[in-house]
Amino acid sequence: MKKSTILVLLIVFLGSVLVVGIFGLASVPYEKIVYVKEIRPTSVTTISANAQSLEIKQNEQGYYVMLPYEEGLQLLINYELTPADCTNKNVEISIVYPKENQPAEISDRNTIVFKRKGSIHLQYRAKDSATAPVMDFWIYTY
């Protein structure tokens, strides 16, 4: 090789080391999608003048709370997703039972408003995949 060729290669090499040193080398891997593995209720609170936190219980059917019915009863149900850094945090909340003549309705994302005394079965479903987890939540009023 000629001296001029070696000199050009050396200058290009040192220049590339200098450019990478200043600007850095950013490798951009594919964007990893983290799916929801579990949905768990964290708290249930009544929204009224005498707001109270309710104890969440669990059995083989899912989670549930029991509370006395009062006129204009509203419940705020908070939940958490595992893992916390999941990509899609959208959760669909629906009333599964009863299908017709429902005693309550979902007014806000987490707020359940009772129109009359009765029990309902809620289902929380993550919307990030076809095999997303489901949380069953029962509310019993007496």
In a table with atom names and distances, give each donor-acceptor pair under 3.5 Å that connects a side chain of residues 118-136 to protein atoms at least two apart or in another chain.
{"from": "H121", "atom 1": "NE2", "to": "D136", "atom 2": "OD1", "distance (Å)": "3.0"}
{"from": "Q123", "atom 1": "OE1", "to": "R125", "atom 2": "NH2", "distance (Å)": "3.3"}
{"from": "Q123", "atom 1": "NE2", "to": "D136", "atom 2": "OD1", "distance (Å)": "3.0"}
{"from": "D128", "atom 1": "OD2", "to": "V36", "atom 2": "N", "distance (Å)": "2.6"}
{"from": "S129", "atom 1": "OG", "to": "A132", "atom 2": "N", "distance (Å)": "3.3"}

Item to check | Any side-chain heavy-atom pair of V34 and P83 under 4.5 Å | outcome: yes

Do any side-chain atoms of residues 18-25 form donor-acceptor pairs under 3.5 angstrom with protein atoms, and if so which ones, sequence neighbours left out?
none

Checklist outcome for this item: For E92, the salt bridge (Lys or Arg N to Asp or Glu O under 4.0 Å) test, sequence neighbours excluded, returns none

Checklist entry - If only atom types and distance count, is the side chain of T46 paired as donor or acceptor with the main-chain N or O of Q52 below 3.5 Å? => result yes

Next on the checklist: How about NZ on K117, more than 12 heavy atoms from neighbouring residues, nucleotides or ligands closer than 6.0 Å, or not?
Outcome noted: no

List, one per line, each side-chain donor-acceptor pair under 3.5 Å for residues 7-14, sequence neighbours excluded.
none

Item to check | Pairwise ring pair (Phe, Tyr, Trp, His ring centres under 6.0 Å) hits with a residue in residues 96-118, at least two apart | outcome: none

Checklist entry - If you look at every heavy atom in K32 and T87, which pair is closest and at what distance? => result O-OG1, 3.9 Å

Contacts under 3.5 angstrom, residues 98-106 side chains, donor-acceptor by atom type, not counting sequence neighbours:
{"from": "N101", "atom 1": "OD1", "to": "R116", "atom 2": "NH2", "distance (Å)": "3.4"}
{"from": "Q102", "atom 1": "NE2", "to": "P98", "atom 2": "O", "distance (Å)": "3.1"}

Checklist entry - Is any side-chain heavy atom of T45 closer than 4.5 Å to a side-chain heavy atom of L54? => result no

Checklist entry - Can you check whether I93 reaches F137 side chain to side chain, under 4.5 Å on heavy atoms? => result no

Checklist outcome for this item: Shortest non-hydrogen pair, I56 vs T42, comes out as CD1-C, 3.9 Å

Item to check | Residues clustered with Y35, ILVMFWY side-chain links under 4.5 angstrom | outcome: I33

Checklist entry - What pairs of residues pass the salt bridge (Lys or Arg N to Asp or Glu O under 4.0 Å) test when at least one of them lies in residues 74-83, not counting sequence neighbours? => result R40-E80

N/O donor-acceptor pairs under 3.5 Å from side chains in residues 57-73, not counting sequence neighbours:
{"from": "N59", "atom 1": "OD1", "to": "Q61", "atom 2": "N", "distance (Å)": "2.9"}
{"from": "N59", "atom 1": "OD1", "to": "G62", "atom 2": "N", "distance (Å)": "3.2"}
{"from": "Y69", "atom 1": "OH", "to": "K115", "atom 2": "O", "distance (Å)": "3.4"}

Checklist entry - Going from SG on C86 to NZ on K37, what distance comes out if it is rounded to the nearest 0.5 angstrom? => result 10.0 Å

Next on the checklist: Return the CD1 to CD1 distance between I112 and I95, rounded to the nearest 0.5 Å.
Outcome noted: 6.0 Å

